[in-house]
> 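Take a look at the following structure, please.
Start at 1 with the first residue, then count along the sequence.
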Amino acid sequence: MTQLSLIAPAKLNLFLHINGQRPDGYHELETLFVFLNYGDTLDFTLRDSSKITLECDIDNLAIEDNLVYRAATTLQQYSESNLGTHIKIHKRLPSGGGVGGGSSDAATTLLALNKLWQLNYSLDELAKIGVNLGADVPVFINGKTTIAHGIGDEFETTSVDEKWYLVVHPNVHVSTQAIFTHPDLPRNTAKLTNNWQQSNLGNDCEELVKKLYPEVEKTLEWLLKYGPSRMTGTGACCFVSFTCEQDAHNALAELPHDWHCFVAKSANISPAHSELSAKLN
């Protein structure tokens, strides 16, 4: 195999609870990650030399700071491989939207190059490499619907009903660091019990983000006409669920045209893993 193209799927946090803050500044949290069959696409071409090159269909790409480039070079150094790659990124996911674009791209890079370079690392080992690139990278490498505990590094695999989601990005960039360091962020939500599906679930970042970014509040209010609306992660993307694909598309057609919106179905197995498995069989 000399070429491989894989999706870097979006994720949603169906809830996000912050249970406390540790002395080192990290937050204790609990959150449920699901994957969507929508995301960026990454094309990988094997090089016989060790050179790693990158191109993207968006402007102003700083290659050395890009998570895809960092993921490739980190894996190359870790494995001491003498192979390289050319990577082309087709961007669809909004930056600063809380749908995991950069982390998903990095995880897909590790998954793809693990195969192209024939490294044969386990998912656990790839996750240990990925955590140094971003806290959410191991979730995408794990590739299953997951409740994350602790500082986001303890995984509990679960499953949820697959639904259709209308996801809206109201064209603002929310800084995760700014939200988690803000004094008004709630930090005392009780930890989940075993019957978490019967619990009152929400996003502890939502009220603060709404206060700081009125566009997010407007989006959440607009989506209420279709059902309970939520914000994913620290924002800015907001979503509402549907059991019927056509209902989701009907709602999409009614939204303001200047909003970045998409409809996608959730999956208990990451589409990146499903695609990779299909292409290797």
> What's the spacing between I7 CD1 and S104 OG if we round to 0.5 Å?
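Between I7 CD1 and S104 OG, I get 7.5 Å after rounding to 0.5 Å.
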
> Does D161 CG have over 12 foreign heavy atoms under 6.0 Å away?
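Atom CG in D161 is not packed in, count stays at 12 or less.
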
> Please check if atom NZ in K128 has more than 12 non-hydrogen atoms from other residues, nucleotides or ligands closer than 6.0 Å.
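Count not over threshold, so no.
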
> Strictly distance-based, threshold 3.5 Å: is any side-chain N or O of N82 a donor or acceptor partner for the main-chain N or O of S50?
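Side chain of N82 to backbone of S50: no pair is present.
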
> Do T234 and T176 have a side chain donor and acceptor closer than 3.5 Å?
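T176 and T234 do have a side-chain donor-acceptor pair below 3.5 Å.
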
> Taking the six-membered ring for Trp, are F180 and H182 ring centroids under 6.0 Å apart?
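Between H182 and F180, which both carry aromatic rings, the centre distance is not below 6.0 Å.
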
> Quick check against the 3.5 Å criterion: does D40 have a side-chain atom that pairs as donor or acceptor with the backbone of L93?
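Indeed, once roles are kept as given, a pair shorter than 3.5 Å links the two residues.
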
> Regarding N250 and Q246, do their side chains bring together a donor and an acceptor under 3.5 Å, going by distance alone?
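Result is yes, a qualifying pair exists.
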
> Going from OG1 on T31 to CG on D136, what distance comes out if it is rounded to the nearest 0.5 angstrom?
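Here the rounded value is 8.5 Å.
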
> Give the other cluster members for W164, using side-chain heavy-atom distances under 4.5 Å between Ile, Leu, Val, Met, Phe, Trp and Tyr residues; answer none if it is isolated.
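W164 shares its hydrophobic cluster with L166, V168, W222, L223, Y226, V240, F242, L252, L255, W259, V263.
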
> I'd like to know if the side chain of R92 and the backbone of H90 have a donor-acceptor N/O pair within less than 3.5 Å.
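Not at all, since once roles are kept as given, no pair shorter than 3.5 Å links the two residues.
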
> Are F140 and F33 near enough that their ring centres are under 6.0 Å apart?
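No, the ring of F140 stays outside the 6.0 Å limit from the ring of F33, centre to centre.
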
> Answer yes when D184 and K211 have at least one side-chain N-carboxylate O distance shorter than 4.0 Å, and no when they do not.
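Result for this pair is yes, salt bridge flagged.
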
> Is the number of heavy atoms from other residues, nucleotides or ligands within 6.0 Å of CD (E245) greater than 12?
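Correct, the count exceeds 12.
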
> Is a side-chain donor or acceptor of N37 paired with a backbone partner of K265 at a separation under 3.5 angstrom?
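Yes: the side chain of N37 pairs with the backbone of K265.
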
> Are more than 12 heavy atoms from other residues, nucleotides or ligands located less than 6.0 Å from atom NZ of K91?
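Yes, NZ of K91 has more than 12 neighbouring heavy atoms, counting only those of other groups under 6.0 Å.
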
> Decide whether N19 and H27 meet the rule of one side-chain donor and one side-chain acceptor closer than 3.5 Å.
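N19 vs H27: no donor-acceptor pair found between side chains.
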
> Under 3.5 Å, is there a donor-acceptor pair between the E30 and H149 side chains?
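Yes, because at least one side-chain N or O of E30 sits under 3.5 Å from a partner of the opposite role on H149.
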
> Within this structure, what is the CG-OG distance for the pair L212 and S175, rounded to the nearest 0.5 Å?
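Result: 10.5 Å between the selected atoms.
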
> With a 6.0 Å cut-off on ring centres, are Y165 and Y38 close enough?
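Judged by ring-centre distance (under 6.0 Å), Y165 and Y38 do not meet the cut-off.
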
> Output, in order, the C-alpha distance, side-chain angles, deciding distance and verdict of side chain to side chain contact (heavy atoms under 4.5 Å, CB included) for T158 and L32.
CA-CA 9 Å; T158 186; L32 173 59; 3.8 Å; yes

> Any side-chain heavy-atom pair from V99 and C237 closer than 4.5 angstrom?
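Counting from C-beta outward, V99 and C237 do come under 4.5 Å.
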
> With clusters built from Ile, Leu, Val, Met, Phe, Trp and Tyr whose side-chain heavy atoms come within less than 4.5 Å, directly or transitively, what are the remaining members of the cluster of I151, listed by chain and number?
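Cluster partners of I151: Y26.
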
> Aromatic rings F262 and H260: how do their planes relate, parallel, tilted or perpendicular, breaks at 30° and 60°?
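Perpendicular, since the angle between the ring planes exceeds 60°.
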
> Answer with yes or no whether the side chains of R47 and T53 bring together a donor and an acceptor at under 3.5 Å.
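Present: a donor and an acceptor within the cut-off.
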
> For H169 and A236, indicate whether the former's side chain and the latter's backbone hold a donor-acceptor pair under 3.5 Å.
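No, the answer is negative, given that no donor and acceptor are paired below the 3.5 Å cut-off.
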
> Between L123 and L280, is there a shared hydrophobic cluster once you connect ILVMFWY residues whose side-chain heavy atoms come closer than 4.5 Å?
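Both belong to a single hydrophobic cluster.
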
> Regarding E221 and K218, does a basic nitrogen lie under 4.0 Å from an acidic carboxylate oxygen?
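Looking at E221 and K218, the cut-off is not met.
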
> I'd like to know if the side chain of T85 reaches the main chain of T45, judged simply by a donor and an acceptor atom lying under 3.5 Å from each other, with no hydrogens or angles considered.
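Yes, because the side chain of T85 sits within donor-acceptor range (under 3.5 Å) of the backbone of T45.
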
> Please answer whether the main-chain N or O of S5 pairs with a side-chain N or O of K279 as donor and acceptor at a distance below 3.5 Å.
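Here the side-chain-to-backbone pair exists.
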
> To the nearest 0.5 Å, tell me how far L6 CG sits from D43 CG.
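Interatomic distance, L6 CG to D43 CG, rounded to 0.5 Å: 9.0 Å.
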
> If you measure from CG on N13 to CD1 on I147, what distance do you get to the nearest 0.5 Å?
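CD1 of I147 is found 12.0 Å from CG of N13.
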
> Sub-3.5 Å donor-acceptor pair from the side chain of N114 to the main-chain atoms of Y121, do we have one?
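Between the backbone of Y121 and the side chain of N114 there is a qualifying donor-acceptor contact (under 3.5 Å).
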
> For K51, look at atom NZ and say whether over 12 heavy atoms of other residues, nucleotides or ligands are found less than 6.0 Å away.
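Open.
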
> Could you measure the distance from the CE atom of M231 to the CG atom of L208? Nearest 0.5 Å is fine.
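So the CE of M231 and the CG of L208 are separated by 8.5 Å.
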
> Does some side-chain heavy atom of I89 sit less than 4.5 Å from a side-chain heavy atom of N66?
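SC-SC contact between N66 and I89 confirmed.
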
> Heavy-atom count check: over 12 atoms from other residues, nucleotides or ligands less than 6.0 Å from D48 CG?
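Not buried by this count: 12 neighbours or fewer within 6.0 Å.
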
> Has the side chain of T146 got a donor or acceptor atom that lies under 3.5 Å from a matching backbone atom of A148?
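The answer is no, because no donor-acceptor pair under 3.5 Å joins these two groups.
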
> With a 4.5 Å heavy-atom cut-off, do L111 and T109 have their side chains touching?
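With C-beta onward as the side chain, the pair stays apart.
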
> Without swapping roles, check the side chain of H273 against the backbone of I141 for a donor-acceptor pair under 3.5 Å.
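Yes, H273 side chain to I141 backbone: donor-acceptor pair under 3.5 Å.
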
> For the residue pair D105 and L42, establish whether any side-chain heavy-atom pair is separated by less than 4.5 Å.
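Yes, close enough: below the 4.5 Å cut-off.
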
> Does any part of the side chain of P9, heavy atoms only, come nearer than 4.5 Å to the side chain of T108, both counted from C-beta?
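The answer is yes; the side chains approach within 4.5 Å.
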
